[in-house]
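This report concerns only the one structure given below.
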Amino acid sequence: MVGSDTLRIMATGRGSTGDKRARKVKQRQKRLAVHESSREQHAALVNARAGDPNYVQKRLNPDGGRTLSWTDDTPGSAEFIEALAAQRQAFVDKFGREPGPNDPMMFDPDSDTPREITEEAMLADIDNLIERAHQDGQNTAYLKAWRDTGFLVTESNQHLFSAADLDQWNDAVDHHWDPSFDHDR
């Protein structure tokens, strides 16, 4: 026995395969629209913050390096300056002298001479932070995203990253997000 739904599908030539395809096309269009809107918002943010002394500024150097600059009014500047001072003091304590222009800011604490910290040591440090945050009952998604991507995005510095970097960051945060902390988002 053929039901009326079967006759309708046969008459229109569209079955579940056609409906699925139409839904997939619609879903893809929606994802692309959200993605494009996100990119446009990021471009507007980058433009709005360019040259604004209230935010960290990034300059590309002729040698391919980057220089970051900020004022005392920049969000997080006090904490960052404090962290740099602590790192400078750790360098002086370790090597018995002030760091020079070619010395690494993040140095290997196990080396007898100033050299950059290894990726393995940096990841171990981040893993220690993750463990402590977990023990303190904090959501570790942002720290795990930092470990996975190699960079840490905040509200104050997101304009310094490309839209692709932000996509990578957001995917990593989403991957590690603990739903019991949804009130923090």
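Residues: numbered from 1 along the sequence shown. When reading the values below, keep in mind they use all heavy atoms of this one structure, side chains included, and skip hydrogens, waters and symmetry mates.
- Taking CD of Glu131 as the reference point, atom CG of Asn128 lies at 8.5 Å (rounded to 0.5 Å).
- Of all the heavy atoms in Gln138 and Phe181, the pair that sits closest is C-CZ, 3.5 Å.
- Around the CD atom of Glu119, the shell of radius 6.0 Å holds no more than 12 heavy atoms that belong to other residues, nucleotides or ligands.
- Nearest heavy atom pair, residue Gly51 against residue Gln57, reads N-OE1, 2.7 Å.
- For the atom pair Lys30 NZ and Arg23 CZ, the distance stands at 14.0 Å (nearest 0.5 Å).
- Separation of atoms NZ (Lys144) and CZ (Arg147) is listed at 6.5 Å; rounding is to 0.5 Å.
- Clustering ILVMFWY residues whenever any of their side-chain heavy atoms sit less than 4.5 angstrom apart, transitively, puts Leu123 in a cluster other than the one holding Phe107.
- How far CG of Asn157 is from CZ of Arg49: 8.5 Å, rounded to the nearest 0.5 Å.
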side-chain hydrogen bond (donor to acceptor under 3.5 Å, both in side chains) between Thr71 and Asp73, worked out: CA-CA 5 Å; Thr71 67; Asp73 296 334; 4.7 Å; no
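- Taking CG from Leu84 and CD from Gln89, the interatomic distance works out to 13.5 Å, rounded to the nearest 0.5 Å.
- For the atom pair Leu166 CG and Arg39 CZ, the distance stands at 8.5 Å (nearest 0.5 Å).
- When all heavy atoms are compared, the tightest approach of Ser156 to Tyr55 is O-CD2, 3.7 Å.
- Linking ILVMFWY residues whenever their side-chain heavy atoms come closer than 4.5 Å, directly or via other members, places Met105 and Leu160 in the same cluster.
- Residues Val153 and Val173 fail the side-chain proximity criterion, which asks for heavy atoms closer than 4.5 Å.
- When all heavy atoms of Ser77 and Trp70 are compared, the pair lying nearest together is CB-CD1, 3.6 Å.
- Two residues are said to be in side-chain contact when any heavy atoms from C-beta on lie closer than 4.5 Å; Gln41 and Leu45 fail this criterion.
- For Met106 against Met122, the heavy-atom pair with the smallest separation is CE-CE, 3.8 Å.
- For the residue pair His175 / Asp148, no side-chain donor-acceptor distance below 3.5 Å is found, with atom types taken as modelled.
- When side chains are defined from C-beta on, Leu129 counts as touching Trp146, because their heavy atoms get closer than 4.5 Å.
- Ring-plane geometry between Tyr142 and Trp169 is classed as parallel, the angle between the planes falling under 30 degrees on a 0 to 90 degree scale with a further cut at 60.
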CA sep, side-chain torsions, deciding dist, call: Asp171, Thr149, side chain to side chain contact (heavy atoms under 4.5 Å, CB included): CA-CA 10 Å; Asp171 289 346; Thr149 63; over 6 Å; no
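- Crowding of Asn61 atom CG: a count of heavy atoms from other residues, nucleotides or ligands under 6.0 Å exceeding 12.
- Residue Arg97 places its CZ atom among more than 12 non-hydrogen atoms of other residues, nucleotides or ligands, all under 6.0 Å distant.
- In the hydrophobic clustering of this structure, Phe95 does not group with Val92; members are Ile, Leu, Val, Met, Phe, Trp, Tyr whose side-chain heavy atoms approach within less than 4.5 Å, directly or through other members.
- Taking both residues in full, the closest heavy atoms of Glu98 and Asp103 are given as O-OD2, 4.4 Å, listed atom of the first, atom of the second, then distance.
- A heavy-atom distance below 4.5 Å is found between the side chains of His35 and Asp167.
- Judged by distance alone, the side chain of His176 and the main-chain N or O of Asn139 form no donor-acceptor pair under 3.5 Å.
- One hydrophobic cluster, built from ILVMFWY side chains closer than 4.5 Å, cannot hold both Phe91 and Phe80; they sit in different ones.
- If you chain together hydrophobic residues whose side chains sit under 4.5 Å apart, Phe161 and Val46 never meet in one group.
- Thr140 places a side-chain heavy atom less than 4.5 Å from the side chain of Ile130.
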